[in-house]
Amino acid sequence: MLSHLWAVYSHSGCEFERGSGCWLYTSNGDSYLDFTSGVAVNSLGHCHPALVEVLSAQGRKLWHLSNLFPVPEQEIFASRLCDLTFADKVIFLNSGSEAVECALKLARRYFFSKGQPERHRVITFEGGFHGRTFAALAASGRKSHLEGFSPQMPGFDQVVFSDPSAVSAAIGPDMAAILIEPIQGEGGVRLAPPAFLRALRSLADEHDLLLIFDEVQCGMGRTGKLFAHEWSGIFPDIMAVAKGIGGGFPLSACLAVSSVADAMTVGSHGSTYGGNPLAMAVGKAVLDIVSDSDFLATVMARADQLRYGLSALAERRSDLIEGVCGLGLMLGLKCRIPPSDLLRELFKEKLLALSAGVDIVRLLPPLVVSESEIDQALARLDRACVHLLPKRSGE
Ligand SMILES: *Cc1c(COP(=O)(O)O)cnc(C)c1O
């Protein structure tokens, strides 16, 4: 059939009609175990009853107002976020790219307000992914994503991941900020070592730079802490959050300390949809659940179970899998075979997963995944590997 959609996506597999928890269902009743969570978005699984409830209740009350009028739910949600994080100020937006874009604008505006408008450059990292708008594209620096969209937005200096001396060498008089994902998602589930994040904090303090964390993928409970940087014991000045924060409702946020956020004044930024009542109701409900310490402890327990099972699998199938990477429920299998081969076999076993980087199969189960669902996923992974093993006599 002729499609009238832009051909920018290569869909795989089948059409899903319905979702519940960690499961997706096709119209003919097949069920798939979803370890993609809509790329870390459906943090509470599909159609979580509490979210369905608040969404429908808010849907009967008020959908959209614009920011011409105060949205009281923004105030409540923002104060909750600030209680739980380093931040003092929040703006609500609609997508990860927008949150990153806003963080970058804030960095420039901050130095402008300090009378140092020449400080506008940002250090970013190889393998980073920050979105598809012009600034986010330039920050990510991926050749394939930039192709055909020249001229590239200037002002970004990309250095190797996890090397403080490379960062140090890139700092000049016009430098404003360092932008990093505490765990690279698209780049291959690569963890920035806590010591590296601490080194970035020191460098930022020493050179009066802003430290910006992109926690669009790794934040919102994914690693067993509300935000991944909490594992390192240091804090950014600005943070972009999206994906899991809305549990499937489009929502993002840019958080900052007040000394930086105060550079933004009336009219300096805005968004028509940003912080609309529907998004606020759902986002607040997600946060109430995810920020609970028992909930986060359960995420950690599931993460340990999955990681243990994956490590055992990697040992058993060492001709296919080299090892396990990641943190919490953001895990990757480093493959010796093309990840697409493993993903294809997993699909046949009705386990949905993602690729990342060049050689990683990425697993992002909903944070509500149960012990038995993890066991089922591990069994499916094992069967998929068996199908991929080179045929040997006696097997
Ligand atoms: C997905 C992602 C983005 C972009 O989010 P969109 O909602 O697609 O604009 C930015 N940063 C990171 C780390 C991401 O994973």
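What you see below is based on every heavy atom in this structure, not just the backbone, and it leaves out hydrogens, waters and symmetry mates. Read the numbers this way: they start at 1 and go in the same order the structure lists the ligands and their atoms.
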Worksheet item: Is there any side-chain hydrogen bond (donor to acceptor under 3.5 Å, both in side chains) pair reaching into residues 301-313, and which pairs are they, with sequence neighbours excluded?
Response: Gln305-Asp375

Item to complete: Taking the side chain as every heavy atom from C-beta outward, state whether Ile91 and Met264 have any atom pair closer than 4.5 Å.
Response: no

Ligand 1 atoms in contact with [X] (distance to a heavy atom under 4.0 Å):
| X | result |
| --- | --- |
| Gly131 | 4 (C), 10 (C) |
| Gln217 | 15 (O) |
| Ser95 | 7 (O), 9 (O) |

Discussion item. Parallel, tilted or perpendicular, judged at 30° and 60°: which one describes the rings of His229 and Phe213?
Written reply: tilted

List the atom pairs, with distances to 0.1 Å, where a side-chain N or O of residues 278-296 and a protein N or O form a donor-acceptor pair under 3.5 Å, not counting sequence neighbours.
from	atom 1	to	atom 2	distance (Å)
Lys284	NZ	Asp288	OD2	3.2
Ser291	OG	Arg80	NH2	3.3
Ser291	OG	Leu287	O	2.6
Asp292	OD2	Asp294	N	3.1
Asp292	OD2	Phe295	N	3.1

Worksheet item: Out of Tyr25, Trp23, Phe16, which one pairs with Tyr32 under the ring pair (Phe, Tyr, Trp, His ring centres under 6.0 Å) rule?
Response: Phe16

How far is [atom] from its nearest protein heavy atom, and which residue and atom name does that atom have?
| atom | value |
| --- | --- |
| atom 7 (O) of ligand 1 | Gly96 N, 2.8 Å |
| atom 8 (O) of ligand 1 | Ser97 OG, 4.4 Å |
| atom 11 (N) of ligand 1 | Asp214 OD2, 2.7 Å |
| atom 15 (O) of ligand 1 | Lys243 NZ, 2.6 Å |

Worksheet item: Taking all non-hydrogen atoms of both residues, which atom of Pro154 and which atom of Arg108 are closest, and how far apart?
Response: O-NH2, 4.1 Å

Discussion item. Does only the side chain of Glu181 get under 4.0 Å from ligand 1, or the backbone, or both, or neither? Count heavy atoms.
Written reply: side chain

